[in-house]
Structures are given as structure tokens and as C-alpha cells.
Amino acid sequence: MNIQLRRAMSTDQSLLLPLMQRYYEDDGLTFSDANVAAMTRLLAAPDYGRIWLIEVSARLAGYVVLCFGYSLELGGRDAYIDEICAAAALPRPHLQR
């Protein structure tokens with residue numbers, strides 16, 4: 001199984017939107033135009049953070065969003081995972097004993 005993270009670009013919005021909608025629905029959240037606008041801004045302004053697509057064997061399997069902030073306590077820029085979504089459960093790898 002080949003797992004890769006690929007940085008999302010503005011051209012990937014059509015791939016991200018269905019995953020985001022499902023993520024919000026599964027979490028009982030309302031998905032709105034404001035969420036789409038925030039995702040669009042994040043893709044256009046890498047100073048705010050990054051979105052990566054999770055690909056398994058060249059198939060889209062989810063996404064992860066990292067947002068940047070600034071902390072006096074930590075002495076500068078910080079980051080946190082804002083969203084992480086897996087499109088489907090992945091098979092467990094076979095463990096050698």
C-alpha cells in the first residue's frame with residue numbers, strides 16, 4: 001500500500017468539496033458557503049496554512065488541514081491540525097511475526 005500526502009492546490013477544490021461535506025455531515029456540523037470560502041482563501045494564501053490530500057495507491061483517501069497561528073507564549077508561529085478526514089477505513093497492514 002502506497003500512502004502519500006500531496007499539497008492541495010486551488011485546482012483541487014472539486015476533489016475537496018465532497019470530502020469536506022461528508023466530514024461535516026458525519027460530525028453533525030452545518031456545511032455552508034462560509035466553509036467553502038474559508039477553504040478557498042486557505043488554498044490561495046499559504047501564509048494561513050496548508051491542505052494536503054491523502055492518497056492511497058494513487059486514489060484519494062482523505063485530507064488534512066494545518067492552520068498557522070502566532071503565539072507569544074511559544075515565541076512565534078505555531079500550527080494546529082484543524083481538520084483530518086479519512087474517506088474510508090483503510091485495510092490494516094499484514095504484520096510479520
> Between Met39 and Ile51, what is the shortest heavy-atom contact and its length?
Replying inline: CG-CD1, 3.9 Å

> Would a 4.5 Å heavy-atom cut-off, applied to side chains only, mark Thr11 and Leu43 as touching?
Replying inline: no

> Going by the side chain to side chain donor-acceptor pair (under 3.5 Å) test, which pairs reach into residues 65-77, not counting sequence neighbours?
Replying inline: none

>> Looking at Asn35 and Ser32, would you say the former's side chain and the latter's main chain have a donor-acceptor pair under 3.5 Å?
In response: yes

>> Please enumerate all residues that pass ring-ring contact (aromatic ring centres under 6.0 Å, His included) together with Phe68, with sequence neighbours excluded.
In response: none

> Counting only heavy atoms not in Asp33, do more than 12 fall under 6.0 Å of its CG?
Replying inline: no

>> Test of understanding: with side-chain contact (heavy atoms from CB on, under 4.5 Å), list the residues that count as partners of Leu19, not counting sequence neighbours.
In response: Leu60, Tyr63, Ala87

> Looking only at heavy atoms, what is the nearest atom pair of Gly49 and Leu42, with distance?
Replying inline: N-CD1, 3.4 Å

>> As an exercise, state the distance from CG of Leu53 to CZ of Arg6, rounded to the nearest 0.5 Å.
In response: 4.5 Å

> Hey, any chance Met9 and Leu17 share a hydrophobic cluster, counting ILVMFWY side chains that come within less than 4.5 Å of each other, even indirectly?
Replying inline: no

> Any link between Tyr48 and Ile81 through a network of hydrophobic side chains (Ile, Leu, Val, Met, Phe, Trp, Tyr) touching at under 4.5 Å?
Replying inline: no

> Should Leu5 and Ile54 count as side-chain neighbours, where that means a heavy-atom distance under 4.5 Å?
Replying inline: yes

> Knowing that exactly one of Leu16, Asp82, Ile84 qualifies, which makes a side chain to side chain contact (heavy atoms under 4.5 Å, CB included) with Val65?
Replying inline: Asp82

> Got a second to check how far Gln21's CD is from Leu29's CG, nearest 0.5 Å?
Replying inline: 13.0 Å

> Is the closest side-chain heavy-atom distance between Cys67 and Tyr80 below 4.5 Å?
Replying inline: yes

> Between Ser57 and Met1, which heavy-atom pair has the shortest distance, and what is it?
Replying inline: OG-CA, 4.1 Å

> Do Gln13 and Val36 have side-chain heavy atoms sitting under 4.5 Å apart?
Replying inline: no

